Protein chains: 2
Amino acid sequence: MFKKVLIVDDHDAISKSVQQVLTACKVKTTDVVQYCDDAFLKVKRAALDDVDYDLVITDLSFKKDHRNANFESGEDLIAALRRDFSQLPIIVYSMKDQLQKVRQLVNQYHVNAYVCKDRKGSIQLEEAIKTVAQKQRYLSPQVAQAVQQKNDLEIYDYDIQLLKLLSQGLSQDEISQNFKANGISPNSLSTIEKKINKLKDQFKANNAIHLVALVKDLGLI
Amino acid sequence: MFKKVLIVDDHDAISKSVQQVLTACKVKTTDVVQYCDDAFLKVKRAALDDVDYDLVITDLSFKKDHRNANFESGEDLIAALRRDFSQLPIIVYSMKDQLQKVRQLVNQYHVNAYVCKDRKGSIQLEEAIKTVAQKQRYLSPQVAQAVQQKNDLEIYDYDIQLLKLLSQGLSQDEISQNFKANGISPNSLSTIEKKINKLKDQFKANNAIHLVALVKDLGLI
DNA sequence: GACTTCCTTACGGGAATCCGTAAGCAAAAT
DNA sequence: ATTTTGCTTACGGATTCCCGTAAGGAAGTC
């Protein structure tokens, strides 16, 4: 079992409950931080002092406040941790249940578990901790399908970028210009049209407005 | 101070922390439910048995699960409570911090307090409970401006409905048809155009896609 | 080399939108 | 009664979007 765990969550009710779960799992040391920036510094400090954490449990969304944050979200923190501490196990504990989000975190950042904060959250978190302790991956049942099913709904950076610009009010022509200016290819107006069309098919959207509304609901952008 | 309080929240970590706050406030009886439907039934039952609750503290968003819910959100629950128990004090305790949401809850449903779940959540909740106990309204500082500032960004049901249909992929013509079918007026294609245009101005949106993206971010739809 | 396949790009016609102008109409103001 | 004001509605032209067709080019296959 883990010996030294860092909990990253802005709400103390949550971090307390996580601490209880960890205590039940016989974890000796649990530290809590409320900001992603603090989390990264603490992990770094611990590594320098040769008292490394052997698990990080983190939320994804953090409220902004007076402090200006370097890492604004759990995703940012995870990206930084994976860059500098690639072997450090990470458990995500979040309200979000969009499959695309889970898929990204598992495939791109190789998080070791994804637990949905809901009615069964604490129980699933305990399972996750035990599973990850045995070097295995854990996903909450409601998001498990995110990775098993080979789905054609796979979305790529290009499409995400396209959808973002679309949602920011750029016309198809402007998106084409933008892509050309930023060296993103393909970038002809015709192809932009085609891509948007394909996405509309994929998401069964009636028009571009509908498409953007749908992908926003899915949390893709 | 209150004597009998009902806590409505999906996540037990939150409800436990709320219970602790209530205990610190010398509240004797605190009941907890995880579903909006249960909350409504419990309030109703208590009223029939002449042991009414004198405060409800509720979240806004609830995860769906196997149970098919009558009330899907805290808003639904609040609407029902306000219809049948108009004098019952209600405190909203939610992650959401969109001003429009707060405004709606305060102006339309007359909730007695709105507390944002964030780093200072528990402290603010305690203040809210004490303030509401003295028959006053409490709003978290970060959303207090929601009601004080007379803002021209006021949005009406008609516009919300319009934006919703737009985001669901209906064309302007279809929206016109829809309004005619549902007896909503004005409903000519020309007016629909004008209204959308006005909204685009109001929100400084470049086009309809941008508009829908913006109002979705604001939590208006 | 000839061929298929997949992707990008160009183009054109029809549909939907954007945007300004103007007519119609009702309530309020003078 | 007339005017003003505000809103709804109709219409027309410019632009953008939508959607199909086809040409061009870079792979890989035979």
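These numbers were taken from a predicted model, which means no experiment stands behind them. So that the names make sense, note that chain A is the first sequence line, chain B the second, and so on, each numbered from 1.
- Heavy atoms of B:Asn187 sit under 4.0 angstrom from primed sugar atoms or phosphate atoms, though from no base atom.
- Listed pair A:Lys195 / C:dC7 fails the phosphate criterion, with no side-chain N or O lying under 4.0 Å from OP1 or OP2.
- The minimum heavy-atom distance linking B:Gln124 with B:Pro141 is given by the pair NE2-CD, 3.6 Å.
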Inset, instruction - Could you encode protein contacts along nucleotides 19-25 of chain D as a string, one character per nucleotide from 5' to 3', using B for base contact, S for sugar-phosphate-only contact and - for no contact, with a heavy-atom cut-off of under 4.0 Å? - result: BBB----
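- Across all strands, A:Thr191 comes closer than 4.0 Å to base atoms (heavy-atom distances).
- Distance CG (A:Asp159) to C1' (C:dC7): 14 Å, rounded to an integer number of Å.
- Side chains of A:Asp118 and A:Gln142: a donor-acceptor N/O pair is present below 3.5 angstrom, by distance only.
- A pairwise comparison of heavy atoms in B:Tyr93 and B:Lys117 identifies O-CE, 3.3 Å as the closest pair.
- Between A:Ile192 atom CD1 and C:dC7 atom C1' the separation is 14 Å, expressed in whole Å.
- The closest donor-acceptor contact from the side chain of B:Asp10 to the backbone of A:Arg119 lies at 3.5 Å or more, if one exists at all.
- With distances taken from any side-chain atom of A:Gln172 to the nucleotides D:dA10, D:dC18, C:dT17, the minimum falls on D:dC18.
- A:Tyr158 and A:Ser185 get closest at one heavy-atom pair: CE1-O, 3.9 Å.
- Nearest to the side-chain atoms of B:Ala208 among the listed nucleotides D:dC18, C:dC18, C:dT9 stands C:dC18.
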